[in-house]
Protein chains: 2
Amino acid sequence: MSNPHDAVPAAAPVSEAGDASAEEALAAVERQLSMLWRRARSVSQELSRRVHPEMEPAAYGLLSVLRTRGPIRLTELASSIGVGKPSVSRQVAFLEGLGLVAKEADPLDGRAQAISLTAKGEEKMHLVQDARREVFRERLAEWPTGELEAFARYMAKLNASYERDGFPRDEVL
Amino acid sequence: MSNPHDAVPAAAPVSEAGDASAEEALAAVERQLSMLWRRARSVSQELSRRVHPEMEPAAYGLLSVLRTRGPIRLTELASSIGVGKPSVSRQVAFLEGLGLVAKEADPLDGRAQAISLTAKGEEKMHLVQDARREVFRERLAEWPTGELEAFARYMAKLNASYERDGFPRDEVL
DNA sequence: CGTGTGGGTTGCTCATAGCAACCATTCTAG
DNA sequence: CTAGAATGGTTGCTATGAGCAACCCACACG
């Protein structure tokens with residue numbers, strides 16, 4: 001990782017930092033991110049399947065949110081993970097079929113429904129998370145804890161920034 | 001980021017580090033990564049479109065690699081971005097149709113073909129990259145350069161580890 | 001030559017997301 | 001009290017991107 005290709009000062013002096021190294025750093029982040037994105041897809045896919053063949057990769061994030069934030073309504077869930085309602089609706093329907101989540105009508109609002117993780121869902125999540133962590137461990141085993149923490153912190157920061165202005169939504173985690 | 005939900009010592013003593021904080025760090029990385037993954041998708045999509053309607057999100061990484069590594073063959077390109085040959089083949093065909101890349105028969109090996117960025121492709125890439133960087137800048141503007149560098153380094157490290165042992169595909173890079 | 005191997009392509013399928021249209025319920029007003 | 005807007009969710013259709021498997025063509029080796 002040290003390709004001098006798109007980090008040239010071509011973009012002209014930037015307002016704030018205007019620093020060449022800042023530009024380069026920005027470009028590097030962008031590059032790595034786009035690579036990571038691609039990798040993550042296949043890994044995540046293979047990974048989920050390893051535990052539960054029917055456990056779609058997308059379901060993971062969903063269940064994870066459900067687990068963290070308890071029973072929430074679909075719309076909220078959708079914005080939590082940053083996708084549209086239709087996707088979530090279908091995903092939830094699917095997971096309900098598997099018995100991993102439950103939809104419960106909101107007594108106060110007939111349209112709304114609280115979606116929650118079932119006991120079975122909790123259990124599956126444990127399995128999947130263990131497996132995930134196992135795989136991560138394979139890759140991150142040698143990383144010093146400090147680096148892992150910093151890495152997570154950076155990602156959290158980036159994620160938070162998307163929430164701030166990119167997404168019309170609320171806090172996650 | 002400090003949820004006591006799946007970082008509890010439930011996973012029992014781990015072999016190597018066995019450290020509680022290491023476990024927590026691992027879980028945090030995993031969590032953030034999965035969130036980031038989702039976000040990146042929509043962002044990347046919206047982003048590419050913003051510059052060139054026909055510029056598929058997937059094409060970006062591809063062109064980026066092409067630009068960095070010059071004319072390379074399809075298989076190598078495929079493994080560079082961590083995706084199978086078929087996908088790349090189609091993507092390349094599409095981009096060729098747009099006049100952004102060119103396929104050139106390798107005189108030494110009739111089967112192989114060097115794929116390269118055309119002048120038009122270069123130009124487009126400038127536009128897209130500028131736009132991308134602009135968006136990144138919106139989000140990462142306040143980050144100290146040092147943090148950006150560290151972040152990129154961590155991602156690179158993670159990416160590299162996938163290349164090392166994760167992919168049953170073929171050799172990468 | 002013939003057979004095997006490796007580079008690329010194509011056919012088919014799957015997973016996921018989005019938009020738009022829709023139903024149902026609740027809220028708001030006249 | 002009843003029309004009509006607004007909100008929560010669902011469903012139809014479409015598009016993108018990826019994989020596997022099967023295939024074709026060129027090279028290389030015997």
Participant: Side chain of A/Ser89, heavy atoms from C-beta onward: which of D/dT10, C/dG8, C/dG18 has the nearest atom to it?
Facilitator: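 Among the listed nucleotides, the one closest to the side chain of A/Ser89 is D/dT10.
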
Participant: Strictly below 4.0 Å: does B/Gln113 bring a side-chain N or O up to OP1 or OP2 of C/dT9?
Facilitator: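 Result: yes.
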
Participant: In whole angstrom, what separates A/Glu104's CD from D/dG8's P?
Facilitator: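 Answer to the nearest Å: 18 Å.
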
Participant: Grab the N/O contacts between the protein and nucleotides 22-30 of chain D below 3.5 Å, and write none if there aren't any.
Facilitator:
unit_1 : atom_1 : unit_2   : atom_2 : d
D/dC27 : OP1    : B/Gly110 : N      : 2.4

Participant: Between D/dG19, C/dG7, D/dG8, spot the one nearest the side chain of B/Thr75, thanks.
Facilitator: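 Closest nucleotide to the B/Thr75 side chain: C/dG7.
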
Participant: Using atom NZ of A/Lys85 as one end and atom C1' of D/dA6 as the other, report the distance to the nearest whole Å.
Facilitator: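 Those two atoms, NZ and C1', are 11 Å apart.
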
Participant: List the atom of A/Ala25, the atom of B/Thr145, and the distance in Å for their closest heavy-atom pair.
Facilitator: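 Shortest heavy-atom contact: CB-CG2, 4.0 Å.
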
Participant: Please list all pairs meeting salt bridge (charged side-chain N to carboxylate O under 4.0 Å, His left out) that have one or both residues in residues 79-102 of chain A, counting only residues at least two apart or in different chains.
Facilitator: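 Residue pairs passing salt bridge (charged side-chain N to carboxylate O under 4.0 Å, His left out), neighbours aside: A/Glu96-A/Lys103.
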
Participant: Just by modelled atom types, is the A/Glu76 backbone N or O under 3.5 Å from a matching donor or acceptor in the A/Ser80 side chain?
Facilitator: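 Such a contact is found between A/Ser80 side chain and A/Glu76 backbone.
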
Participant: Look at the side chain of A/Lys120 and the backbone N and O of A/Leu98, then say whether any donor-acceptor pair between them is shorter than 3.5 Å.
Facilitator: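 It does hold such a pair.
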
Participant: B/Ile72 has an atom CD1; how far is it from atom P of C/dG8, in whole Å?
Facilitator: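 B/Ile72 atom CD1 is separated from C/dG8 atom P by 10 Å.
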
Participant: Between A/Leu77 (CG) and D/dT10 (P), how many Å, whole number?
Facilitator: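 My rounded result for the distance is 11 Å.
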
Participant: Any side-chain N or O of A/Lys103 below 4.0 angstrom from OP1/OP2 of D/dG8?
Facilitator: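 The answer is no; no side-chain N or O of A/Lys103 sits under 4.0 Å from OP1 or OP2.
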
Participant: If you compare every side-chain N and O of A/Ser87 against the phosphate oxygens of C/dG18 (OP1, OP2), does one of them come in below 4.0 Å?
Facilitator: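 Yes, such a contact exists.
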
Participant: From the options D/dG19, C/dG7, D/dG9, select the nucleotide whose nearest atom is closest to the side chain of B/Arg73.
Facilitator: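 Of all the options, the side chain of B/Arg73 is nearest to C/dG7.
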
Participant: How long is the span from the CG atom in A/Leu62 to the CG atom in A/Leu77, to the nearest 0.5 Å?
Facilitator: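 These two atoms lie 4.5 Å from each other.
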
Participant: Can you tell if the side chain of B/Phe151 reaches within under 4.5 Å of the side chain of A/Leu158, non-hydrogen atoms only?
Facilitator: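 When only atoms from C-beta onward are counted, A/Leu158 and B/Phe151 do touch, with a gap below 4.5 Å.
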
Participant: Do any N or O atoms from the side chain of A/Thr118 and from the backbone of A/Gly99 form a donor-acceptor pair under 3.5 angstrom?
Facilitator: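 Yes; judged by distance alone, with no hydrogens or angles, the pair exists.
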
Participant: Atom CG of B/Leu74 and atom P of C/dG8: how far apart are they, to the nearest Å?
Facilitator: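 After rounding, the reported distance stands at 5 Å.
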
Participant: List every contact pair, protein side and nucleotides 11-13 of chain C side both N or O, where the distance is under 3.5 Å.
Facilitator:
unit_1 : atom_1 : unit_2  : atom_2 : d
C/dG11 : N7     : B/Arg90 : NH1    : 3.3
C/dG11 : O6     : B/Arg90 : NH2    : 2.5
C/dC12 : N4     : B/Arg90 : NH2    : 3.3

